[in-house]
Every structure is written in C-alpha cells, then in structure tokens.
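Let me begin by presenting the structure, written as structure tokens, before commenting on it.
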Amino acid sequence: MIDIFLHRGKEQRVYGGHPWIFRSDIDRVTGPETDGVARVFSSKGAFLAMAVYNPLSMISLRVLSRREEVIDGAFIRGRVKRALAYRRLFADLNSCRLLFAESDGLPAVIADSFGGVIVLQILCRGMEPFKEELVSALVEELHPMGVYERNDVPVRELEGLEQRTGLLYGAVPERVEIQENGVRFLVDVRQGQKTGFFLDQKENRAAIAPIVRDASVLDCFTHTGSFALHAARYGAKEVLGVDISEHACLCAQENARLNGVTDRVDFTCANAFDFLRASLEEKRRYDVVILDPPAFAKTRSAVEGALRGYKEINLRAMKLLKDGGFLVTCSCSQHVTPPLFQKMLLDAQKDARVQLRQMEWRTQGRDHPILPSAPETQYLKCGIYQVFK
C-alpha cells in the first residue's frame, strides 16, 4: 500500500471536501514508488482519504473515499450504482451524463448515454486500471447495445496515458439517434466533438420555451443545431443557426430534416464574430439571440482575452435585439467564473446602451452535479435576459 503524508496545513483542503491534492502538497511517500491507490495522511498521521496517485501529474492525488476502505471492483460498482440511482430520480437514461467524474466519486471518469450507446472517457492514470470494472458495471446496470471508448483527449498524455478510441463492449453504429426534450438528434459517437453531443445544456435548451414562440431567433455557435431546433419545437416562426464548421452545419441541417422543421430553420456556415458584425451593418433585428460558444479560455492565462471575446459577441447581440427581445448567453469556460461573466455582461450592457433584465441565471443540468466544495465542477454559465433599448 502506498502511504502519502501531506505538508502541515495542506490537509485543510481535504477536510473542506475538495477532491484534488496537488504534488506540491505532498511531504513524503512511503511504500512502492509507483502510481496506484494510496492512503493519504496529515502531517501528524491522521487518516484523510483513499485516493488514486500519479506522481507524474500536477494533481497527484484524486480522492475516492474519505473512509479507510478497500478500493476494488466492488467499490467501483457501488459508485456506478450510486450515480445511476441519482439520475433515475429525474433523467432519461437514453440521453444523459451517467458519470460526472469527481462529482460522482469517480475521478476523471466521464460516461454519456446516447440512445442505447454509452461513451466512456477516463482522463487520469489512476482510474485506467478500473476500466473493465466500469464497463462491466455500466453494462450490468443498463444493458446497452455497446460501449465506446473516446479517450482521444490530449490531457491523457499529461497523465502518462496514450490517446485511443475503440469498442469496449457490444456493437456501436456510426451514428445513433437520441431524443432530447422531444427533439430528435443524430449523434456521431465515434467522431463527434468530445463524446458526440453536449448534454450539459439539456435543461437550458428546454428553458427557452417561453421566449421563442412566434419569434425570429438567431442561434450563434449552433454546432449541430441543438438550441435552434429546440426553438423551432417551441414555436419560433423562423430560426437561423450559425456555425464556422461546414460539417456541423450539414449535421444541423440533417437534424432539421429529421424533425420536419426545414421550412422554419436554416443554417449558414460563417464565423459568428463576423456574422454578428455584418448583421449589425445590415440592420437586421431578432426577437431572440442565443450565444453558446465553445470555451474561449482553456487556461487561467487566457481569461483576459476570453472576456474580450465574450464582451464583443454579447455587445453585438444586445444591439441586434429588438426592444424587449431576449438574450440567451452561455460560457463553458471553467476559468471564467460566474462573477467574471456577469461583470462582462454589465460592461457590454453599458457600451451597448441597453438595460438588461434577468429572467433566469442557470448552470449545467442536474446530470452534471456540482460539488460546492470544488468550484471546478461548476463550469457552465447560462443567463437569460430581456433587453430594453
């Protein structure tokens, strides 16, 4: 067994409930000089946690349990069952994040369900040995048609792991169909972004229903049309989706055909920044503008530039709205905190010379649960505002 003792005072993070322990927090390691499951102790020898250990990673320890217990296949199966029991309270398990890493007590493990197919990611070295147990538990609980590995993520290399994709169980088609809030989507689990589809916005997409009926809607960064098609389902009279990826726009158009809304929904391939600028010059106006960009800040050092980008698109969106129209604005940049994002919106409001009235302030869906002791688990911001000129 690996035993790890922390520097004096560094145990406070663990007592506070945070699931990460950094390499700089470690005083000494006894036992095998390798990675694996470790017992973690304070500088005075008090037991703190069971954790997976990787001496190569800046986040050297990821907490599994705050009780001294055996970490084996039975433990992993118990954590999977606990995660699924939570989601069975409210979620459609055919369109759902099944495992959300530290928030489910399974560090750096992601599992998404798409219409009978489960996509699995393991993003830290310490959990890689439990892959078979994770797959076995998910299959036993859910009986999917297949489980597919999407470990084509660069962060694995920082953990000393290779990137890989492939079939782990059963059979997985090229694409699967899911339903989200009654809207049909085709999901490419093998080649699509991340695990194939962004499930974290599911509840936020449903939240636009009251504001889009009979509205003209602009959906920027539409990807495969998720917000745009929800707007159509909820009664928008016309919807335009914009994305820089031609492939994403083709997928969005196919999803529009699948839902029978091509008479009211169109997509254009363009840089959203340029499109917003050109739309202002052409004096276009919309009842609703939706901004759901990819993460502008992947590191803390990128936050300042990201905020400038967020301000630019939000300012232009505010100007494009009709008096009393609605802005739905999002950020999935973990390093852009809610206070920073809200301050940016106030700055954009001032420069646009409009008044924002908050309708809702939202975050990721309940299948992406948040640990209050770990701010990193809350990454998605979604504000719905009425804009008055």
Side-chain angles (χ1 to χ4, degrees), residues 185 188 191-194 196-198 200-201 204-205 208 215-232 236 238-256 262 264-299 301-322 325-336 340-341 344-345 347-349 351-352 354 379-383 385 387:
F185 293 97
D188 181 353
Q191 301 292 333
Q193 288 190 31
K194 300 261 177 116
F197 189 81
F198 298 108
D200 50 4
Q201 291 275 30
N204 297 333
R205 290 189 275 257
I208 70 172
S216 60
V217 179
L218 174 63
D219 176 22
C220 292
F221 311 95
T222 191
H223 191 226
T224 55
S226 52
F227 268 108
L229 295 176
H230 276 75
E238 57 181 5
V239 184
L240 178 61
V242 179
D243 200 277
I244 197 169
S245 166
E246 185 175 352
H247 176 70
C249 288
L250 290 173
C251 293
Q253 289 167 350
E254 190 170 4
N255 285 329
T262 53
R264 291 182 289 127
V265 181
D266 196 13
F267 297 95
T268 187
C269 183
N271 180 302
F273 285 83
D274 296 338
F275 185 89
L276 289 166
R277 185 186 305 112
S279 296
L280 276 174
E281 292 171 356
E282 295 165 11
K283 301 188 185 309
R284 299 184 198 175
R285 293 294 180 267
Y286 297 93
D287 298 304
V288 178
V289 176
I290 300 167
L291 302 174
D292 184 22
F296 286 173
K298 295 191 181 291
T299 63
S301 62
V303 167
E304 187 176 345
L307 289 170
R308 287 195 297 270
Y310 285 124
K311 181 181 177 182
E312 180 180 339
I313 59 174
N314 278 276
L315 187 154
R316 288 178 178 158
M318 292 173 193
K319 289 184 174 182
L320 276 174
L321 283 164
K322 299 174 185 175
F326 287 89
L327 172 65
V328 181
T329 182
C330 310
S331 165
C332 62
S333 298
Q334 174 191 309
H335 298 291
V336 176
L340 282 175
F341 192 69
M344 174 278 300
L345 288 171
D347 291 342
Q349 170 194 253
D351 289 356
V354 298
Y379 64 93
L380 184 62
K381 287 76 60 183
C382 177
Y385 296 91
V387 178

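Given the structure is predicted, the values throughout are model-derived calculations rather than measurements.
In terms of heavy atoms, Ala232 sits closest to Val239 at N-CG2, 4.2 Å. Among all heavy-atom pairs drawn from Arg205 and Ser226, the shortest one is NH1-OG, 3.1 Å. The shortest non-hydrogen separation linking Gln349 to Val354 is CG-O, 2.9 Å. Minimum heavy-atom separation, Ala317 to Leu327: CB-CD1, 3.8 Å.
Contacts of Glu238 classified as side chain to side chain contact (heavy atoms under 4.5 Å, CB included), with partners at least two apart in sequence or in another chain: Ser216. Tyr310 meets the ring-ring contact (aromatic ring centres under 6.0 Å, His included) test with Phe296, Phe341; sequence neighbours excluded.
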Exercise for the section: List the steps, then state whether side chain to side chain contact (heavy atoms under 4.5 Å, CB included) holds for Ile244 with Cys269. Expected result: CA-CA 5 Å; Ile244 197 169; Cys269 183; 5.8 Å; no
Exercise for the section: Please step through side chain to side chain contact (heavy atoms under 4.5 Å, CB included) for the pair Leu280 and Leu320, ending with a clear verdict. Expected result: CA-CA 6 Å; Leu280 276 174; Leu320 276 174; 3.9 Å; yes
Handout entry: Check against side chain to side chain contact (heavy atoms under 4.5 Å, CB included), Val328 and Leu291
Key = CA-CA 6 Å; Val328 181; Leu291 302 174; over 6 Å; no
Exercise for the section: Before giving the answer on side chain to side chain donor-acceptor pair (under 3.5 Å), spell out for Asp243 and Thr222 the whole-Å C-alpha distance, their side-chain angles and the decisive distance to 0.1 Å. Expected result: CA-CA 6 Å; Asp243 200 277; Thr222 191; over 6 Å; no
Exercise for the section: Begin from the C-alpha positions of Phe221 and Ile290 and carry the test side chain to side chain contact (heavy atoms under 4.5 Å, CB included) through to its verdict. Expected result: CA-CA 9 Å; Phe221 311 95; Ile290 300 167; over 6 Å; no
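Contact check for Asn314 versus Met344: side-chain heavy atoms found under the 4.5 Å cut-off. Between Leu307 and Val336 the shortest side-chain heavy-atom distance falls below 4.5 Å. Within the 4.5 Å cutoff, side-chain heavy atoms of Tyr379 are placed close to those of Asp200. Inter-residue side-chain proximity for Gln193 and Phe198 is flagged as met; some heavy-atom pair is nearer than 4.5 Å. Taking 4.5 Å as the limit, every side-chain heavy atom of Val387 sits out of range of all side-chain heavy atoms of Phe326. In this structure the side chain of Asn204 reaches within 4.5 angstrom of the side chain of Leu380, judged on heavy atoms. For the pair Val242 and Phe267, the minimum side-chain heavy-atom distance is 4.5 Å or more. Contact check for Thr224 versus Leu229: no side-chain heavy atoms found under the 4.5 Å cut-off.
With Arg264 contributing its side chain and Ala236 its backbone, the two residues share a donor-acceptor pair below 3.5 Å. Side chain of Asp219 to backbone of Gly241: no donor-acceptor contact under 3.5 angstrom is found. A donor-acceptor pair under 3.5 Å links the side-chain atoms of Ser333 to the main chain of Ala297, judged by distance alone. A distance-only check finds a donor-acceptor pair linking the side chain of Asp188 to the backbone of Gln191 [under 3.5 Å].
At a threshold of 4.0 Å, the pair Glu281-Arg277 does not count as salt-bridged, since none of the basic side-chain nitrogens sits closer than that to a carboxylate oxygen. Salt-bridge formation is detected for the pair Arg308/Glu304: a Lys NZ or Arg NE/NH1/NH2 atom is positioned less than 4.0 Å from an Asp or Glu carboxylate oxygen.
Between atom OH of residue Tyr286 and atom OG of residue Ser279 there is a gap of 4.5 Å, rounded to the nearest 0.5 Å. Here the straight-line distance linking atom SG of Cys220 with atom CZ of Phe227 works out to 12.0 Å at 0.5 Å rounding. One distance of note links CZ of Arg316 with CZ of Phe275; it measures 12.5 Å at 0.5 Å rounding. One distance of note links CD of Gln334 with OG1 of Thr299; it measures 11.0 Å at 0.5 Å rounding. Residue Cys332 holds its SG atom at 8.0 Å from CD of Gln201, rounded to the nearest 0.5 Å. Separating the NZ atom in Lys311 from the CG atom in Leu345 is a distance of 11.0 Å, to the nearest 0.5 Å.
Listed by first and then second residue, the salt bridge (charged side-chain N to carboxylate O under 4.0 Å, His left out) pairs involving residues 286-299 are Asp287-Lys322 (not counting sequence neighbours).
Within a 6.0 Å radius of CD in Glu282, more than 12 heavy atoms belonging to other residues, nucleotides or ligands are found.
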